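Read through the structure below, which is laid out as C-alpha cells, and then see the notes.
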Amino acid sequence: MFIDLAWKNIFHQPRRSLVTVLLLLTATAILIFAGAFMEGSHQQMIRSAVEIYPGYLQITGVGYQDEPGVDRLIFDLAAVNHVLEEMADVAVFSSRYESFVLLASDHQALGALLVGIEPAREAQLSRLQQSLIRGQYLSDDDQNQIYLGRELAEKLKVDVGSSLAFVGSGVDASFAADRLQVKGIFQTGLFGFDSSSCFVNRAYLEPLMALANTASHVIVLPRHLEKTRELTALISRHLPPDLEAQSWQQTMAGLVEAMAVDSIFGYLTLGVLFLVILFVITIYTLLAIMARTREIGILRAIGSSQGQIFTLLFLEGIILTLTGVLPGGLLGGAFAWYFQENPISMNAWDEQFKQYNLAVSALPALFSWAQILRDMVIMTLMALTAMLIPLFRVTRLRPTEAMRHV
Amino acid sequence: MYKMIHHMAWNNLGRRYGRSLLVILMIGASLWGLLFMEGIYDGMTEQIISNTIQSDSGDLSLFARGSRLEPSLKLLLPDTLLERESLHPGPGSLIKSRSARLSHTGLLATAHAARQVKIQGVVLKQEIHHAELSGKLISGTLDFGRTRTGAILGQGLAEHLRVTVGHKVILTAQDQQQNINSLALRVTGIVRSGNQQIDEQLLYLDLGHCREFLGVAQGFSQLSLILHEQADVHLIQNQLSLELKDQSLDILRWDQLSPALLQSRQVMETFNLICNLLVFCVAGLGVWGVVTVSVLERLREFGVMLALGTSFLQIQVQVLLESILLGLGGFVLGAGPGAATLIWLAHHGLDLQIFQEGLQAFGLDTIIYAVIRTGYFTTAFIAIFLACASSVILPLHRLKQARPITILNQP
Amino acid sequence: MRYLLFLCLFILFLANTVQGQATEPEALLRQMEERLYGDTAMIRLAMVVGTRRGERRMEMDSYSSGRDRNFIKITYPAKDRGITFLKIENGLWQYVPRIEKIIKIPAAMMLQSWMGSDFSNDDLIRESLLSRDYHSRLITEDETTWTLELTAHPEAPVVWGRLVLILAREYLLPLKVDYYDENNQLIRTLEYSGFSQMGGRIYPSRWLMTPREAGQEGRWTRIDVLAAAFDIEIPADLFSKQALQRLSR
C-alpha cells in the first residue's frame, strides 16, 4: 500500500519530483565524471612522468638518490640481475650508468648527464625510443653513437651526424674521453630533461669508464603495475645491505602529493556545488511536504501512526533519489567511458604543463565501476539526508492542526 | 502604494519564515563557499605570478638584444639607460618600482659543499622595494654591510650549503675577460621567495661589488619594472619600444617571459565564472520552487487584490520584490562571513604545511594568502539578482493564467 | 682530477725550501713564499687514490713557473697517457689526445657537476697565499717542530676557517697541516714524510691527504715525488695552449 501511495504522490507533484530527479541526475553525473576525469588525468600525468625516464622501480646503492657519487654505486650488477631474473613478477629490467660529463662541440662546452643504457631493454622500460624526433635510436651494437635531447643539441648547435666529444671520469677516477657522433635526437617534452641528458650504449661506455659489473641504477618494470609496492618489498628482501629498492611512489613523492592536492581542491569545488544542490532538494522536499500537510493530518486522524507516515514519505524520497541517481550514474559513467577512450586534448594548456614539467598532450578519464558505485552511494546518502530534515519536522505535526491547514 | 507592496512583501516572507530562512541560508552558504574557493584559488594563482614578477620578470623587463637567449657579460644594458625620464618610477609615472640587476652564473662554496648559483648584483634599496624582500626575510638583515661584502642567499641555497647568517662563503665565477675569479662573502641575510626553484640558486650581491668582481665597468643585464597598474603593461611596452627603438634592446612583458602564468590566470577567471553560473543557476531553482508555491497558495489573496483595483503590474512587482529580498538576504548572509573569512585569510593565510611537497611541485609556498576582489561580490550579486528575478517569470505567468478573479468565485 | 689540481698547489707551495731559521711566524711564512715567485720547478710524481674498493695509480710530469703557471702531462697509465693540463692566470685548459680537442673548462662546470659537488674548490683554481690570506701565530714549539695556527682573513677567498701547521725546524717544511672549517670542524689532514735530497734541496717525497669528515672513511690520496728539479730553465712557450697539443705525444 505504501508504495502505491508513494507513487501516486510523486506524480501528483510533478514539479517537485522532476526538479529533484533532474538535480540528482545531474549531480551524480557530474560527480562521477569529475572524479573519473581527475583520477584519469592524474594517473596519466604520473604515468607520463614515471615512464618517460625514472621508471616504476629503481634499485640503487643506499643513499644514492640524495648523494650520488662513485661510492654509492651498484658494484655487483651480475648479482642483482640474477635476483631479478628469478622473479616472475618482473617483466623487464635494465641497468644504467649515469655520470656528469663535459660535452664539447665545435661551438660550446657544457655540462650534461651522460647515461650508459642497454638500448633494447631500455626501449621497453622508458619512452626514450618513442621520443625520437630526428635520426635514430641506439642499438645494442652501437659504439660511439650518442642520443641526445633536443634542447641540449640546440645549445651545442649540433644535429644528426655532427661530432661531439665528452670528457668525464670513470668509476675508478680515471679520465674518460672520446669522440662521439650524434645518432639521434629526442624530445620528451620535459624541458629540464631534454636540455641536459644524453645517452650512449652501455657496452661502449664500459671500458672507457671502468664499468665492468657496475651500474648506478637498475630499473625494473613490474608485470603488474598496481602491485609495484609489493614487488619493491620483495626485491628489497633479496638485495644485499648496501643496495635499496624504491617504488615510484617513493621516488616521485612530490608529484604524487601534488596530484593529491589537486584532487582535494577539485572535490572542494564540487563540494560547493553539491551544497547548493542539496539545499535545493531540502527546500523542495519541504515545499512538497508542506503542501500535503492537510493530507497528512487526515491520514493521522484516521489512524496512521507517525512511523507509517514517516515510512511513506521516506519511501517517496528513496524512489525519487534512485530515479535520479541511477540514470545519473549511468550518464556519468557513459561520459567517463567515452573520455577514457577519447582523451581530451590539452593543447591549449600546453604552456602550463611545460612549466610544471609534465609532458602530456591529452588527458583521459578513468572508468571504474568501483568509483561509479561509490559515488552513487554517496549521492544517495547525501540526498536522503537532505530530505530527512524536513521529514522530521513534518511528522511532528499534530493531526488536528494539520487538517485545518490552509 | 509601493510602500504597501513593500510591506506586504515582507509580511509574506515572514509568514512562512521557515522556508524563507531556508532559501536565505542556501544562498548564504553557497555564496560563502564560493567566496572562500575563489579567494583561495586566486590566491594560489596570484602567488605564483607575483613570485615570478617580483624576483624575476617584473611586469616588464628590458634586456640587451639577444642576451636573454644567450646571456653574456658582453651583452649589457648601459647605465645611461637608467637616466631616462620614462624609466623613472614615482607617483607621476606609471612605473611603481624598478630594479637594475647584473646577472651571471657562478659557484658558491663552503668547506663542505659547492652549488651553482645565479648571481644577482643589485642596488639593495631598489631591490628590497621592488621584490618586497622585507616580507621575505627569514633570518639576518637586508644589508650588505659597511664594506658591501655581504651576500643574501635564497633559503634553499643556504640549506644545501649548510650556512647561516655570519658564515663565510666563497663565490667563484668567470669574469668578462674569461678569467676565473674568487670572492669571499659573508652571509648577511636569508630570504624565502616562495618559489623553491629560485631559492635554491638565489644570491644577491651589491651591484658595485659585483661589477668589480666580474670585471665589468658599467652596465647591467636586466631592468625589471613593476607598474602601478599591471593592465598598463601593453601601453608602456609600446611607448618604450618607440622611444628606445634605436637602442638594441628587447622589451618583454611578464606573460611573454612566462606564458604559462598568464594562462593560469585566464583559466582561473573562466573557472570562477563558470562556478558562479552553476551555483546560482541551481540556487535559482530553489528560489523558483519557493516563489511558485508562495504565489499559488495566495491565489485567493491576489484575487481579492485585483478585485480591489490593484493592477497586475503591482502584483508582479510585489512578487519580484519578495524574491529579490530573499536573494538580498542570502547575499548579505553569505557576503558578510565570506568577506570576513577572506580578510582573515588574506592576512593570516591558510597554512597547508602537510602538503608541502605537493605545493612546492606547483611552485607554491605552504602558506596561501587569499585574494579579495570586488568582482567576486559584484559577480555574485548580479548572479543572485538574475537568478531571483528570472525565478519569478514562470510563477507569474501561471498566476496570470490562473485568473485569480475567477478563483475568488470558487468556494 | 681534483686531486691533480690540488697537487699543483702543493708543488708550487713546496717548490722551495726555506734556508733561514727565522722564528716569527709571519716571517717564516713569508720566507717560504718569497721563493715561490719567479721560481721554476719540474716534478715527476705518482698520485695514488685510495677508496674503499681499491687503489688507482697515476703518474705525471709537472712544470711550474711562479704560482700561476703550471703545465702537467699524464704519463701513466697507458689509457690516460698524453693528457695534458694547462693552468695560466686563472684559466684551466685540458687536451685529451683521444678526442684531439683542447677544452677550456668553465669554472662552474668543472667545479660542480663534473668534479663532484661536495668538495671545496679552494685548492683547485685559486691558490691561497698563506702569508697574504691568513694571520699566523705560534701556538707551541718543541725541539723539532713549531706549531702555527693560521686564521683566515675575513676577506680572503678561502673556505677554511683556520689551519694548524706543524713545521719541522730542521727543514722548515711542513710535517702536517690540519684544515678546519668555519665551525672549527676538522675537514682534512695533509701529512708530509720522506724528506730527502731532490734537485738540490730537501724535499718531502711523500704527501698523504686524508679527508676527515664523517662518511669519508677509507678514502685517501697519496702523492709520491719520484724526481724533482728546481730553478731550471723552462721555456715560456710551454705555458701556452699550443703546447698542450704539441707536448701531448
Side-chain angles (χ1 to χ4, degrees), chain A residues 13 15-16 19-20 22-23 26-27 30 49 67 108 111 154-155 192 252-265 268-288 290-291 348-358 389-390 393 405-406, chain B residues 16 18-19 22-23 25-38 40-41 44 48 70 116 255 258-264 266-267 271 274-275 278-290 292-294 296-297 300 352 354-364 394:
Chain A
Q13 290 177 314
R15 185 191 46 237
R16 176 241 179 160
V19 169
T20 308
L22 282 177
L23 274 183
T26 318
I30 290 177
E67 289 202 44
Q108 271 272 36
E154 271 175 16
K155 282 200 271 192
M252 311 208 61
L255 183 63
V256 171
E257 209 175 87
M259 300 291 110
V261 170
D262 195 52
S263 282
I264 287 176
F265 280 115
L268 188 71
T269 312
L270 284 179
V272 175
L273 184 62
F274 293 155
L275 186 69
V276 204
I277 289 178
L278 292 172
F279 257 111
V280 173
I281 291 174
T282 307
I283 289 175
Y284 273 72
T285 308
L286 181 68
L287 289 178
M290 301 240 69
W349 295 6
D350 64 343
E351 289 291 337
Q352 297 252 32
F353 287 113
K354 248 172 46 183
Q355 160 119 333
Y356 297 125
N357 243 358
L358 301 165
I389 304 163
R393 222 207 110 186
H405 190 261
V406 166
Chain B
R16 290 275 186 260
R19 68 184 185 215
L22 208 55
V23 170
L25 197 63
M26 167 184 76
I27 297 178
S30 37
L31 178 59
W32 179 84
L34 207 57
L35 287 173
F36 175 79
M37 222 179 62
E38 284 176 315
I40 291 292
Y41 287 173
M44 288 166 78
I48 298 176
E70 293 210 36
Q116 192 158 47
D255 58 289
S258 312
L261 294 181
L262 183 62
Q263 227 176 48
S264 306
Q266 289 165 336
V267 165
F271 179 77
I274 293 178
C275 280
L278 275 178
V279 168
F280 293 122
C281 266
V282 176
L285 273 179
V287 180
W288 175 59
V290 167
T292 305
V293 166
S294 100
L296 291 180
E297 69 190 8
R300 269 187 108 92
L352 295 173
I354 38 170
F355 295 125
Q356 186 183 29
E357 274 196 67
L359 288 170
Q360 278 173 349
F362 283 122
L364 280 171
L394 274 178

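Because the structure is a prediction, the values reported are computed rather than measured. Lettering follows sequence order; numbering is per chain, from 1.
Between chain A and the options W32(B), F36(B), F271(B), heavy-atom pairs under 4.5 Å are most frequent for F271(B). By number of non-hydrogen pairs under 4.5 angstrom with chain A, the leading residue of V290(B), V287(B), L359(B) is V290(B).
For a residue to count as touching a neighbouring chain, one of its non-hydrogen atoms must lie under 4.5 Å from one of that chain's; by this rule A253(A) touches chain B with backbone and side chain alike. Residue contact with chain A, scored on non-hydrogen atoms closer than 4.5 Å, is absent for I27(B). Using a 4.5 Å cut-off between heavy atoms, L364(B) does not touch chain A at all. Looking at M26(B), the atoms closer than 4.5 Å to chain A (heavy atoms on both sides) sit in the backbone and in the side chain alike.
For Q266(B), the side chain to side chain contact (heavy atoms under 4.5 Å, CB included) partners are L262(B), not counting sequence neighbours.
Of all non-hydrogen atoms in I354(B) and E257(A), the two that sit nearest each other are O-OE1, 3.7 Å. When every heavy atom of F265(A) is checked against every heavy atom of M44(B), the shortest pair comes out as CE1-CE, 3.7 Å.
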Would V267(B) and Y41(B) count as a side-chain contact (heavy atoms from CB on, under 4.5 Å) if you check the C-alpha gap in whole Å, the side-chain angles of each, and the deciding distance to 0.1 Å?
-> CA-CA 11 Å; V267(B) 165; Y41(B) 287 173; over 6 Å; no
List the atom pairs, with distances to 0.1 Å, where a side-chain N or O of residues 272-284 of chain A and a protein N or O form a donor-acceptor pair under 3.5 Å, not counting sequence neighbours.
from	atom 1	to	atom 2	distance (Å)
T282(A)	OG1	L278(A)	O	2.8
T282(A)	OG1	A386(A)	O	3.1
Y284(A)	OH	L285(B)	O	2.6
Y284(A)	OH	G289(B)	N	3.2

